2 protein chains.
Amino acid sequence: MRKKTIEDYVELIYILQHEKQKVHTSDIANTFDINPASVTEMFQKLSKEQYITYEKYNGVTLTPKGKKIAIQTKQKHDTLKHFLMILGVTEAIADEDACRIEHTITPLTMEKLTKFVKFVNQTDGHQRWLDHYKYFDKTGKIIRCTPETESQCPIHGRHHEHLS
Amino acid sequence: MRKKTIEDYVELIYILQHEKQKVHTSDIANTFDINPASVTEMFQKLSKEQYITYEKYNGVTLTPKGKKIAIQTKQKHDTLKHFLMILGVTEAIADEDACRIEHTITPLTMEKLTKFVKFVNQTDGHQRWLDHYKYFDKTGKIIRCTPETESQCPIHGRHHEHLS
DNA sequence: AATAATATTTAGGCATACCTAAAAATTAGG
DNA sequence: CCTAATTTTTAGGTATGCCTAAATATTATT
């Protein structure tokens, strides 16, 4: 599997903290499926760099610095995942890819993707184009419908009344 | 800068081969802005793994295996870049992000993104929604226009005739 | 409270992609 | 064609995130 970054660790600690107060070596080791010894090493590093408070044999908590990064990362993750699912990627894979992309993407690209997701959400139920995309995704067929021809559109024609 | 993968090297060799026949250590070192010594090392590795034919002091060429990977990678790169530019990312940054994402993305996600790009291309000039997205990107404002209200739409209203 | 089971840490290693400095090969100029 | 400049390679080193095995601390059982 992919090597975990500081962001991965901090994000996971953040998520686990909701259930556990103190997050332990084994929690991380299990979720990431890596050796506990590796987690201890990372705890030491994260502690040295002030992302977490670490007491030997007693779990960790996020510092404000760590929490900030965690929230930012989770935010990116959720947006990316949401975005991919709009395009028709399954949840499990969207999750996986979001996890990888969230660390490498530039702020500008993240911003545009965020806007795209907002755009789709805020026009929810009114994006005929998205139905057309999904139809294309399924069938490979492009069906154009202009306002004039929409009533004959095999995707929208029948439901025309409650769509507009 | 980010560490370069086998794919990065092979893709760049592929691009440079069009101009140069044999690609030399310094060509890669300059483009990636890394030390020539590091390129030599990678040449040795790539050669050992049969991606390139490597003769000391005499440049490299792609093997069929290497060329295949190169073409696949470049394909992914171009699609990703295109996709990001549809969303309004500038060319330079789209290029940068494409370069990072192309190595980590799963096939399913790549497939959906490819479909999305095709969908946009094949409906070129007929996606009123894309104009709406761009308007939202610029202004933050969502403007809904149904077939009935489209003629009053500030984006499409005036140009209604040659759009449909 | 002693011992057994479990969890965590330490110590020593590995692979990867990079680096610098120095050696060796190639190429260019007189 | 020989020396100087340039390019490439070798050798040795670094940081990172992982590993295993062994040591140590904690927790649970009786």
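None of the values given here were measured: they were computed from a predicted structure.
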Subject >> Selection: residues 9-18 of chain B, any non-hydrogen atom under 4.0 Å of DNA chain D >> reply: none

Subject >> Residues in ring-ring contact (aromatic ring centres under 6.0 Å, His included) contact with B:F83, at least two apart in sequence or another chain >> reply: A:F83, B:F116

Original post:
Rounded to whole angstroms, how far apart are CZ on B:F32 and C1' on C:dT16?
Top reply: 16 Å

Original post:
Partners of B:K134 by side-chain hydrogen bond (donor to acceptor under 3.5 Å, both in side chains), sequence neighbours excluded?
Top reply: none

**OP:** Could you tell me which residues satisfy side-chain hydrogen bond (donor to acceptor under 3.5 Å, both in side chains) with A:K76, sequence neighbours excluded, listed by chain and number?
**Re:** none

Subject >> B:E7 CD to C:dT16 C1', straight-line distance once rounded to whole Å >> reply: 16 Å

Original post:
Quick one: B:I34 CD1 to D:dT9 P, roughly how many Å, whole number?
Top reply: 13 Å

**OP:** Mind telling me whether A:Y133 and A:F136 have parallel, tilted or perpendicular rings, with 30° and 60° as the class edges?
**Re:** tilted

Original post:
Where along nucleotides 1-15 of chain C does protein come under 4.0 Å, by heavy atom, of base (B) or sugar-phosphate alone (S), with - for untouched nucleotides?
Top reply: -------BBB-B---

Original post:
Excluding sequence neighbours, so at least two apart, what forms side-chain contact (heavy atoms from CB on, under 4.5 Å) with B:Q21?
Top reply: none

Original post:
For B:K3, what residues pass the side-chain contact (heavy atoms from CB on, under 4.5 Å) criterion, not counting sequence neighbours?
Top reply: none

Original post:
Tell me: CG of B:L46 to C1' of C:dT16, nearest whole Å?
Top reply: 13 Å

**OP:** Round to the nearest Å and state the distance from B:D33 atom CG to C:dA17 atom P.
**Re:** 18 Å

Subject >> Dot-bracket line, read 5' to 3' along DNA chain C, where crossing pairs take [ ] and | marks a partner on another strand, Watson-Crick or G-U under 3.5 Å >> reply: ||||||||||||||||||||||||||||||

Subject >> Interatomic distance where CD1 belongs to B:I28 and P belongs to D:dT9 [whole Å] >> reply: 12 Å

Subject >> Spacing of B:R2 atom CZ relative to C:dA17 atom P, expressed in whole Å >> reply: 11 Å

**OP:** Please identify each residue that fulfils side-chain contact (heavy atoms from CB on, under 4.5 Å) with B:N58, with sequence neighbours left out.
**Re:** B:K22, B:E55

Original post:
According to the side chain to side chain donor-acceptor pair (under 3.5 Å) rule, which pairs have a member within residues 34-46 of chain B, sequence neighbours left out?
Top reply: none

Original post:
ring pair (Phe, Tyr, Trp, His ring centres under 6.0 Å): which pairs involve residues 28-52 of chain A, sequence neighbours left out?
Top reply: A:Y9-A:F32, A:F43-A:Y54

Subject >> Residue among B:I105, B:T106, B:I101, B:T109 satisfying side chain to side chain contact (heavy atoms under 4.5 Å, CB included) with A:R100 >> reply: B:T106

**OP:** Applying side-chain hydrogen bond (donor to acceptor under 3.5 Å, both in side chains), name anything that partners B:D27, two or more places apart in sequence or on another chain.
**Re:** B:K20

Subject >> For atom NZ of A:K48 and atom P of D:dG17, their distance in whole Å >> reply: 11 Å

